[in-house]
Amino acid sequence: MKFNNRKYPAKGMATLKVMIVDDEVIIRNGLSTVINWADNGFTVLTPAASAEEALQRIPVELPEIIFTDIRMTGLSGLDMAHQVKQQHPEIEIIVISGYDEFAYAQQAMREGVSDYLLKTSRPGEIIEAAVQARERLLQRRLTQAKGKAQEMVVNRGFLRRLLASGTPLDEHAEAELCERYPELCLESNGSVLQIWMLSVYPLHPEEAEQSNVSELHRLIGTELAEVLQCAWLEWNGSLLLLVRAEPNHGWGRVDSALHKMESTHACRITAASGRRVASAKELHIALATAVEASSYEWLLQSERHIRYEDIEGRTGIRTVCSMEEETKLSSLLRSGESADLQAWVADLLRRIQSQDQATPGSVQAYLHSLIVSAQRWLIRAATSIGYNNPVKVEETYDIRELTKNPEKVLVDSLGLIMKEYRDMVSTTSPVQRAISYIHEHLGQSLSLQQVAKHVHMNPNYFSEMFKKETGQNYIEFVTQAKLRKAMHLLRETPAKISEIANEIGYEDIKYFNRLFKKWTGLTPSEYRANPES
């Protein structure tokens, strides 16, 4: 038999293992050493001298293609083929015999042999037979993979509909879940189900696109399903795992698997786990609690695993910003200093995160109240300086982002208000800017010199300009502005009269009472009792 080195490229496919079985040493050594198997995409295992030896080695070495003689000492090649096909039906078997008999070929085909060659065949024909066997084997694998992938897509669609219903499962749905996901069937030994929500962040976010994140979810979900025997699907931008655990088993194996995924896929994973349930009927509870736990990701950003049982007792923080916070915020917005605003926001958020009763809902309401307060301040500021153009106060953010990325939302939203105020002031006169400053500092002793300095004017000239534009002298205007604010506070708040006097800069309550009655005809108490008179 003459051998050559003709090559049949593997076309980018994985190298396949070949086992040669023949009791003639010259044949098995010739086939294994003279033909250039490696350049054609094959790895040749140590040849087997008998069918019996091959049957012992096949389960360990797992060849994908077997070349075998028919007549050998002991078990025949066809008897071996019969046993191999029963235990390993995916293996391709090629007979290479010295007998050109139709009966042998017929029997070989019945035993699942893929091809029948003669020992007089040229090396090119032998390699060609191996290449065709590889094509058949890989085509079967591809078909099986496509079928399995399609089945997984259908199963995930079923699981998504089941979870999206938000209701307890009926017996039919529970049985179908067990049929589609046998690995999730609960045994009578006390096994439980739990849902995990995973946020996956590539370590190089500047290179990540939405399609890449989805592909990362698919890769990680597929690998975790193999390792943990769990179900997975994408859920509102997160990766959802449905995991079963045996009694007395912790969830360390999940944490360990997630650490491995981080290393393998160069990403960071934050996990949130919901309540454990002892019945598939309660999956709606497992999901709701997992989603709630995942909503704490920003609040508990130092935690890589957020457990529902650790947060379920939280009561929340106050949901409305204080008057002092409103005053500080308006001062920052008026200053026009973006860096100061950012520093204030960062400090505020750090203080929120340090509160052990904070919940996403209460944080969202509180931060929203800050933005609304800033919007109202802008409208008041526009009125106080006589700004006639429409004031833009529409919300340009998704309120849900206040609990996911609050720093960006606050800095962006408040920064727009700061810019609007800056643009507004740039088109107004010094007197109008002074009026805005007065309204923002009614709790202070506002001297004419102080306000004139704020608008960069000589005090005497400022006094003349102020009266010319407002029709009032400076002292009258400030007094009336203070008293108007006092009237508003008396109508709209339960604050004590002494507190209201202090709020507008009057420490002497008797003086405040006299001044208020002189201007309104009523004492503060009478006005509060009957503000319409």
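This one's a predicted model, so the numbers in the text were calculated from it and none came from an experiment.
Summarising the geometry of L177 relative to A280, their closest heavy-atom pair is CD2-CB, 4.0 Å, with the distance given to 0.1 Å. When all heavy atoms of E507 and N502 are compared, the closest pair comes out as CA-OD1, 3.6 Å. Among all heavy-atom pairs drawn from T289 and A286, the shortest one is OG1-O, 3.1 Å. A pairwise comparison of heavy atoms in Q355 and I317 identifies OE1-CG2, 3.2 Å as the closest pair. When all heavy atoms are compared, the tightest approach of F158 to A173 is CZ-O, 3.9 Å. Contact between P360 and L299 at its shortest, heavy atoms only, is N-CD1, 3.8 Å.
In this structure, the side chain of E325 engages the main chain of S322 through a donor-acceptor pair within 3.5 Å. Between the side chain of H441 and the backbone N or O of Y437 there is at least one donor-acceptor pair closer than 3.5 Å. Counting only distance, with no hydrogens or angles, the side chain of R318 and the backbone of Y366 share no donor-acceptor pair below 3.5 Å. Q364 places no side-chain N or O within donor-acceptor distance of the main-chain N or O of G361, the cut-off being under 3.5 Å. A donor-acceptor pair under 3.5 Å is formed between the side chain of S369 and the backbone N or O of C321. The closest donor-acceptor contact from the side chain of K482 to the backbone of I504 lies under 3.5 Å. No donor-acceptor distance shorter than 3.5 angstrom exists from the side chain of Q194 to the backbone of L242, with no hydrogens or angles considered. For S362 (side chain) and A358 (main-chain N/O), no donor-acceptor pair under 3.5 Å exists by modelled atom type. Looking only at distances, no side-chain donor or acceptor of S256 sits under 3.5 Å from a matching main-chain atom of R253. Checking side-chain atoms of S331 against main-chain N and O of T327 turns up no donor-acceptor pair under 3.5 Å.
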In residues 454-462, what donor-acceptor pairs under 3.5 Å come from side-chain atoms, sequence neighbours left out?
unit_1, atom_1, unit_2, atom_2, d
N458, OD1, N460, N, 2.9
N458, OD1, Y461, N, 3.2

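Ion pairing between a basic and an acidic side chain is recognised when a charged N comes within 4.0 Å of a carboxylate O; E312 and R275 show such pairing. Contact check on D398 versus R400 returns a salt bridge, with a Lys/Arg side-chain nitrogen under 4.0 Å from an Asp/Glu carboxylate oxygen. Using a 4.0 Å cut-off between charged nitrogen and carboxylate oxygen, E176 and R180 count as a salt-bridge pair. The existence of a salt bridge linking E297 and K404 is excluded, since no basic side-chain nitrogen approaches an acidic carboxylate oxygen closer than 4.0 Å. With respect to the salt-bridge test (charged N to carboxylate O, under 4.0 angstrom), the residues E234 and R218 do not qualify.
Counting only heavy atoms from C-beta outward, the side chains of S294 and I306 never approach each other to under 4.5 Å. Counting heavy atoms from C-beta on, the side chains of K496 and I500 never come closer than 4.5 Å. Using a 4.5 Å cut-off on side-chain heavy atoms (C-beta onward), F516 and M487 make contact. A heavy-atom distance below 4.5 Å is not found between the side chains of I311 and T359. The side-chain heavy atoms of L198 and L241, taken from C-beta on, include a pair separated by under 4.5 Å. Between R244 and Y181 the shortest side-chain heavy-atom distance does not fall below 4.5 Å. For the pair S436/Y421, a side-chain contact is recorded, criterion being any heavy-atom separation below 4.5 Å from C-beta on. Here the side chains of L483 and T520 are not in contact, with every heavy-atom distance at 4.5 Å or above.
For E492, the CD atom counts as densely surrounded, since its 6.0 Å shell holds more than 12 non-hydrogen atoms of other residues, nucleotides or ligands. In this structure, K467 places its NZ atom where only 12 or fewer heavy-atom neighbours from other residues, nucleotides or ligands lie under 6.0 Å away. Remark: R160 CZ is packed, more than 12 non-hydrogen atoms of other residues, nucleotides or ligands lying under 6.0 Å away. Other residues, nucleotides and ligands contribute at most 12 non-hydrogen atoms within 6.0 Å of the CD atom of E179.
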>> Quick one, V478 with V451, criterion side-chain contact (heavy atoms from CB on, under 4.5 Å). Give me CA distance, side-chain angles, the key distance, then yes/no.
In response: CA-CA 11 Å; V478 171; V451 178; over 6 Å; no
> Taking it one step at a time, do T403 and W298 satisfy side-chain contact (heavy atoms from CB on, under 4.5 Å)?
Replying inline: CA-CA 7 Å; T403 55; W298 174 79; over 6 Å; no
> Between T523 and S525, does a side chain to side chain donor-acceptor pair (under 3.5 Å) hold up when you go through it step by step?
Replying inline: CA-CA 5 Å; T523 66; S525 299; 4.8 Å; no
>> Evaluate Q480 against Q472 for side chain to side chain donor-acceptor pair (under 3.5 Å), listing each step before the verdict.
In response: CA-CA 10 Å; Q480 290 185 13; Q472 293 178 290; 3.0 Å; yes
>> Please evaluate residues H305 and S273 with respect to the criterion side chain to side chain donor-acceptor pair (under 3.5 Å), reporting the C-alpha separation (whole Å), side-chain torsions for both, the decisive distance (0.1 Å), and the verdict.
In response: CA-CA 8 Å; H305 178 189; S273 56; 2.8 Å; yes
> Given L522 and K517, is the side-chain contact (heavy atoms from CB on, under 4.5 Å) satisfied, shown in steps?
Replying inline: CA-CA 5 Å; L522 299 171; K517 185 171 184 178; 5.8 Å; no
> Hey, mind stepping through C230 and W196 against side-chain contact (heavy atoms from CB on, under 4.5 Å) and telling me if it holds?
Replying inline: CA-CA 11 Å; C230 66; W196 289 58; over 6 Å; no
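Distance check, rounded to the nearest 0.5 Å: CG of L414 to OG of S338 gives 10.5 Å. Atom CG of residue D310 and atom OH of residue Y308 lie 11.5 Å apart, to the nearest 0.5 angstrom. To the nearest 0.5 Å, the span separating CG on L410 from CG on L341 amounts to 8.5 Å. One finds the CG atom of L169 at 5.5 Å from the CG atom of L283 (value rounded to the nearest 0.5 Å). A distance of 11.5 Å separates CG in L184 from CD in E174, rounded to the nearest 0.5 Å. Going from atom CG of L490 over to atom CD1 of I497 covers 6.0 Å, rounded to the nearest 0.5 Å.
When the options R334, E326, H439 are evaluated for a side-chain contact (heavy atoms from CB on, under 4.5 Å) with W377, the one that passes is R334. With Y296 as the fixed residue, the side-chain contact (heavy atoms from CB on, under 4.5 Å) test singles out one of Q301, R314, E303, R307: R314.
For W232 and H217, the distance between ring centers is not under 6.0 angstrom.
Shown here are the ring-ring contact (aromatic ring centres under 6.0 Å, His included) partners of Y474, two or more places apart in sequence or in another chain: F466.
Using a 3.5 Å distance cut-off with no hydrogens or angles, the side chains of Q342 and E407 do not pair a donor with an acceptor. With 3.5 Å as the limit, one finds no donor-acceptor pair spanning the side chains of T270 and Y201.
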